[in-house]
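Excluded from the calculations below are hydrogen atoms, water molecules and symmetry mates; all remaining heavy atoms, backbone and side chain alike, are included.
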Amino acid sequence: MSRPGLKGTYAAPALEKAFEILELLADRPSGMQISEMSAILGRSVGELFRIVIVMEMQGYLQKSETTDRYTVAYKLLDVALRATPSQNLIAAALMPMERLAATVGQSCHLVVANGGRGLVIARQENPGTRGFALKVGAAVDLLHSCSGHVLLAFAPPARTARLIELAEAAQGGEGCDRAALAQTLATVRDQGFDSRKSPVTFGVTDISVPIFGFNGDIMAALTIPFMEMLDGSQKVGLAAARQELDSTAREISAALGHQA
């Protein structure tokens, strides 16, 4: 399985197969048998059998005793949290996010750049009876979403250019309007946030602000999918929610060592 932007012709067949298996199972939480993986990946059962068994022995896959289906085990999440800044970020963000959701009566979520997409790594649901929230692990479009625009706008230029290339590749190589996107990102940088109607959910206005680390680099985007009630019964208005969101992002950034 080729990856965009990589140079050279290095090959590690067993490792490539392991990654293919992980990526395949990531979209199938109910799991798959080896024969099913074989059919989808276009590889023989013999090619995959040893790889799957070793991954199970190492704790990265788990097998159902009743269906013989393999699923990704939690060890992968544990390693990911320990090997990336996510653990410190989530630890710093959870309490402020909980207070934010209670104050504004809306859910919120935390998005980081993950290759050519954004990835929701934490969320806090509205404690009330009604709300809208993205799931942890949900993929986010970097090129068209509020969270994506914030991640692109506040990253160093070289990083932004690379993320745009990866995002286009993730969408099948379809290019975006670079000039229009550059103008959008400049506006986001100037105003310090992004806000727009959700491109996928009617009645929701997304608001997103950056979270910075101690070295000034953007770590994540904190986003409220603001759901406006038809009867006007939401706890606060959109402008007040954005102010609370900005205050929460500054609190999280400060906890990560950022000095504005």
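Under 4.0 Å is where a charged nitrogen must lie from a carboxylate oxygen, and between D68 and K63 at least one such pair does. With respect to the salt-bridge test (charged N to carboxylate O, under 4.0 angstrom), the residues E20 and R43 qualify. Of the charged side-chain nitrogens involved, at least one lies within less than 4.0 Å of a carboxylate oxygen, so that E165 and R162 count as a salt-bridged pair. A salt bridge links R250 to D246: at least one charged side-chain nitrogen sits closer than 4.0 Å to a carboxylate oxygen.
With sequence neighbours excluded, the residues that form a side-chain contact (heavy atoms from CB on, under 4.5 Å) with Q124 are M97, E98, A101, C108. Taking N114 as the reference, L119 meet the side-chain contact (heavy atoms from CB on, under 4.5 Å) condition, with sequence neighbours excluded. Not counting sequence neighbours, E244 has no partner by the side chain to side chain donor-acceptor pair (under 3.5 Å) test. Every residue meeting the side-chain contact (heavy atoms from CB on, under 4.5 Å) condition with Q191, not counting sequence neighbours, appears here in chain and number order: T187, F193, D194. For the side-chain contact (heavy atoms from CB on, under 4.5 Å) test, residues two or more places apart in sequence or in another chain that qualify with N215 are D217.
A distance of 3.5 Å separates OG1 in T205 from NZ in K197, rounded to the nearest 0.5 Å.
No donor-acceptor contact under 3.5 angstrom links the side chains of S107 and E125, judged on distance only.
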What do the steps show when you test T103 against V236 for side chain to side chain contact (heavy atoms under 4.5 Å, CB included), and what is the final call?
CA-CA 8 Å; T103 300; V236 302; 5.7 Å; no
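Sequence neighbours left out, not one pair with a member in residues 134-158 passes salt bridge (Lys or Arg N to Asp or Glu O under 4.0 Å).
Using a 4.5 Å heavy-atom threshold, the side chains of I211 and L110 count as touching.
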